[in-house]
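A short worksheet on the structure shown next.
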Number of protein chains: 2
Amino acid sequence: MKELVEFRAEILKALGQPTRLKIVDFLRDGERCVCEIFPAIGEEQSNTSRHLNVMLAAGVLSRRKDGLKIYYAIKHPEIIEVVDIVTGIVKLEIYGRHSLLKAVG
Amino acid sequence: MKELVEFRAEILKALGQPTRLKIVDFLRDGERCVCEIFPAIGEEQSNTSRHLNVMLAAGVLSRRKDGLKIYYAIKHPEIIEVVDIVTGIVKLEIYGRHSLLKAVG
DNA sequence: TCACTTCATGACCATATAGTCATATAGTAA
DNA sequence: TTACTATATGACTATATGGTCATGAAGTGA
């Protein structure tokens, strides 16, 4: 059986890729079909489909079928929290690096 | 210049690997030197060193030298938050899957 | 039936990653 | 100096990943 640490890593890894993060950002306001997602993030449909599947498998997204369209949504609101906290950390990091640059040169 | 989305992905990716997650878990209580970390997580010294470097570069860990030893610590308390939230999500996921298994057969 | 739309997937390629082993580097202490 | 400890890194291997292009599968509607 898969270890807890591997499940945790799988979720974080699923979120730790620029294209997938863009998808999560786009899904913030609610579910969207693939046909809306891939133009919004500027990626090919096939590539988008693969990334959606990675996040679906990790438990990051959920999926709903409606006729021809397949709607993906963020599965747990906690995912948004995680992404927001990380965004905050990045801002701290960037501020820190800029201050350092200023201090050095 | 690197995009914000890439910084965010870098942090999440740095956390999204079982060996690195074990390191973060071990560093919860405060800084530790490499010589404490690698036996604690059961990995080789060289491999541990590489993973520490990945997290250092991503801004997940900080580093402090003291004589021969190098102490690593979690750089931002928010990292712990992220990891904890993800652990919560995993528990929801595992519960969901088990319920499904029970419901199915 | 046929044409069309939406999404998933097979085949493939280039690159990245995790890990191992041996070695280099830096600091300590005799 | 020499010997030792702690950490980092070069060289390498096997596998994973992200992406593209072409095609398949499923649903819709004429």
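Quantities reported herein were computed from a predicted structural model and do not represent experimental measurements. All chains are named by letter (A, B, ...) in the order of the sequence lines, taking the proteins before the strands, and each is independently numbered beginning at 1.
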Can you find an N or O donor on one side and an acceptor on the other, under 3.5 Å apart, linking the side chain of A:R50 with the base of D:dT20?
yes
For B:K13 and C:dA16, is the shortest distance between a side-chain N/O and OP1 or OP2 below 4.0 Å?
no
A side-chain contact here means heavy atoms from C-beta on lying under 4.5 Å apart; do B:I70 and B:K65 qualify?
yes
OP1, OP2 of C:dT6 versus side-chain N and O of A:Y72: anything below 4.0 Å?
no
Less than 4.0 angstrom between a side-chain N/O of A:R63 and OP1 or OP2 of C:dA8, yes or no?
yes
For a quick test of reading the model: is some side-chain N or O of A:Y71 closer than 4.0 Å to OP1 or OP2 of C:dT6?
no
Between C:dT17 and B:H51, is there an OP1 or OP2 to side-chain N/O distance shorter than 4.0 Å?
no
Is the shortest distance from a Lys or Arg side-chain nitrogen in A:K69 or A:E36 to a carboxylate oxygen in the other one below 4.0 Å?
no
Between A:K65 and D:dG27, does any side-chain N or O lie under 4.0 Å from OP1 or OP2?
yes
Which nucleotide in D:dT7, C:dA26, C:dC7 has an atom nearest any side-chain atom of B:L68
C:dA26
Is there a residue in residues 24-47 of chain B whose heavy atoms reach under 4.0 Å of DNA chain C, and which residues are they?
B:E44, B:S46, B:N47
OP1, OP2 of C:dG19 versus side-chain N and O of B:T19: anything below 4.0 Å?
yes
Check whether A:R32 reaches the backbone of A:I37 with its side chain - one donor and one acceptor, N or O, closer than 3.5 Å.
no
Whether A:R20 contacts D:dG18 is assessed here as follows: a side-chain N or O lying under 4.0 Å from the phosphate OP1 or OP2. Is that the case?
yes
